[in-house]
Peer 1: 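One structure, pasted below without further comment.
A note on names: the letters A, B, ... follow the listed sequences, proteins ahead of strands, and every chain is numbered from 1. Heavy-atom basis, side chains included; hydrogens, waters and symmetry copies ignored.
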There are 2 protein chains.
Amino acid sequence: MSADSYNQVKHLLAIDCAIFGYEEGEVKLLLFQRGIEPAKGEWSLPGGWVNGSESVEAAAQRVLLKITGLSNIFLEQVHVFSDPVRDPGGRVVSVLFYALIIIQNHDKELVRNHGAHWFPIEKVPPLIFDHNNMVKMALEKLRAKASYELIGEQLLPEEFTLLQLRQLYDAIFQRKFDPANFRKKVLSLNALRRLKAKNTTESKRGAYYYKFKETSAKPGERIVKL
Amino acid sequence: MSADSYNQVKHLLAIDCAIFGYEEGEVKLLLFQRGIEPAKGEWSLPGGWVNGSESVEAAAQRVLLKITGLSNIFLEQVHVFSDPVRDPGGRVVSVLFYALIIIQNHDKELVRNHGAHWFPIEKVPPLIFDHNNMVKMALEKLRAKASYELIGEQLLPEEFTLLQLRQLYDAIFQRKFDPANFRKKVLSLNALRRLKAKNTTESKRGAYYYKFKETSAKPGERIVKL
DNA sequence: ACAAAAGTGTTTCGGCTACACCCATGC
DNA sequence: GCATGGGTGTAGCCGAAACACTTTTGT
């Protein structure tokens, strides 16, 4: 920052959220039917304006709470979109976030009332403006994160089996991981605690439940080569 | 984006640039003495306001041109800083970029006239506001990039020896790379073209000059484990 | 009995690391 | 002749990948 003064052109500032959830073996994205002109009624990422006295992160959390009923959601910045003509309705600079939610925990009623819908990431419809590009970048970011550290704490129920975790990774990367190798790799990270209980609904023999250790800080640990 | 209309609170929007150069075996950062209140005269990252009809990237390029005399500089977004009280002078949202320049090419006179100075990255002084944190994040981004692909095209002279490239990496990661292994790894990437000419100023025997191939698109190729 | 997932073990392969070693040349 | 960087070769280690194999239990 450096200029003559603080008396400068001001900008409309928005945030958009790529909200990912995991359900039925698929990574899903929450999309909205846009409520305002232009492009009213078309599919878009949920978003909102940034208020005068909140950070972009706070704005994103506010929007997330309004839509999903959940607070304290995991989110990370992805990119700023600022092409002067990206929005036909006017000059709007938008900060894109991706968010991870445990789909089972969210308020489905609320989502429905907002006219929103969960789409599997392989079946994202055409979106307004540059939102398809946003989804692409958000997915890349998600994959990059998942390849550097074990994710799932923000996507799976608190207790889960290694099968479920592996299928999550299968869904994120759209490939099949070797069950034996995935197990060994994941356990070697020492990030999970095995529970006493077993899940017998998904296999005859039964698989132990695991949960994430309440980990203060784990170093970057590579899971997958991209 | 979704709300009642486009009649919303507007924001001061700025960009800040962490400009990296490489000289005398050191990665250096270009810092400014801030020209406006508050904190006038203190060290800061160069930056500027975003105009009404330009993208944040265009604003960054404009600032870079003004300061270094160079256009078409390599830059990438790092992060958005939007804490409402990050700038005591008012509510300013800032998009941080890092930029790489070939320090030998830039207009030293211009830099001097702006009261700017190159600091080795290990000797960055206390900066205004959240700028020290910005430098930290920009450096992390630079290292992440350098570990995924071979950089140097934007930091070294057009023709360079493998010694110079290795010393650049030494400087970026603040460690010593094994000369033999570095050479083999770099050459295996197939991104450099060996020239006829040799450099005999830095070694007795003389080392071949290399230059980057005019590569359309190289896939992400890991150089260094972080 | 068989299918299907759980869980363990083994072999192979490739890349990274750490060196040893020769080359060329200015001092 | 010796120090310095240039450049090549190689042995060892480690992790990823591929896959064989045993266990358990519902059907």
Peer 1: How close or far is atom C1' of C:dC21 from atom NZ of B:Lys184, stated in whole angstroms?
Peer 2: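 Taking atom C1' of C:dC21 as the reference, NZ of B:Lys184 is at 12 Å.
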Peer 1: Please confirm whether any donor atom in the side chain of B:Arg205 sits under 3.5 Å from an acceptor in the base of C:dA24, or the reverse.
Peer 2: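 There is none.
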Peer 1: Hey, which sits more toward the 5' end of DNA chain D by its nearest nucleotide, B:Arg194 or A:Ser203?
Peer 2: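 That would be B:Arg194.
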Peer 1: Quick check on DNA chain D: between A:Arg175 and B:Leu162, whose nearest nucleotide comes earlier from the 5' end?
Peer 2: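 Of the two residues, B:Leu162 wins.
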Peer 1: Take the protein atom CZ of B:Arg183 and the nucleotide atom C1' of C:dT17, then report the distance between them rounded to whole Å.
Peer 2: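 From B:Arg183 CZ to C:dT17 C1': 17 Å.
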Peer 1: Round to the nearest Å and state the distance from B:Lys185 atom NZ to C:dG14 atom C1'.
Peer 2: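 Rounded to whole Å, this separation is 11 Å.
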Peer 1: Mark yes or no for whether A:Tyr169, through its side chain, and A:Ser147, through its backbone, hold a donor-acceptor pair below 3.5 Å.
Peer 2: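 Checked: no pair found.
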Peer 1: Return the value, rounded to whole Å, for the distance between atom CZ of B:Phe177 and atom P of C:dA18.
Peer 2: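 One finds 12 Å between P of C:dA18 and CZ of B:Phe177, rounded.
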Peer 1: Without swapping roles, check the side chain of A:Asp107 against the backbone of A:Ile67 for a donor-acceptor pair under 3.5 Å.
Peer 2: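 Not confirmed, A:Asp107 side chain does not pair with A:Ile67 backbone.
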Peer 1: Relative to each other, are the rings of A:Phe119 and A:His117 parallel, tilted or perpendicular (30° and 60° limits)?
Peer 2: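 Geometry flag for A:His117 against A:Phe119: perpendicular rings.
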Peer 1: Check B:Arg112 with B:Glu109, please: is the shortest side-chain N to carboxylate O separation under 4.0 Å?
Peer 2: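 Looking at B:Glu109 and B:Arg112, the cut-off is met.
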Peer 1: For the pair B:Arg34 and B:Glu42, find out whether any cationic side-chain nitrogen is under 4.0 Å from an anionic carboxylate oxygen.
Peer 2: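 Salt bridge flag = no for B:Glu42 with B:Arg34.
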Peer 1: Within this structure, what is the CZ-to-P distance between A:Phe182 and C:dT8, rounded to whole angstrom?
Peer 2: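 The answer, rounded to whole Å, is 16 Å.
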Peer 1: Charged N to carboxylate O below 4.0 Å: is that the case for A:Lys141 and A:Glu76?
Peer 2: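 Salt bridge flag = no for A:Glu76 with A:Lys141.
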Peer 1: Please compare A:Ala180 and B:Gly206 by the position of their nearest nucleotide in DNA chain C and report the one closer to 5'.
Peer 2: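 Its nucleotide being nearer the 5' end, the pick is A:Ala180.
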Peer 1: In whole angstrom, what separates A:Lys204's NZ from C:dA1's P?
Peer 2: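 About 17 Å, once rounded to whole Å.
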Peer 1: I need the CG-P distance between A:Asn181 and C:dG9, as an integer number of Å.
Peer 2: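 Those two atoms, CG and P, are 14 Å apart.
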Peer 1: Give the first and the last nucleotide of DNA chain D, reading 5' to 3', that has any atom under 4.0 Å from a heavy atom of chain B.
Peer 2: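 Terminal contacting nucleotides, 5' to 3': D:dT4 to D:dT10.
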Peer 1: Quick check against the 3.5 Å criterion: does A:Gln164 have a side-chain atom that pairs as donor or acceptor with the backbone of A:Thr161?
Peer 2: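 Between the backbone of A:Thr161 and the side chain of A:Gln164 there is a qualifying donor-acceptor contact (under 3.5 Å).
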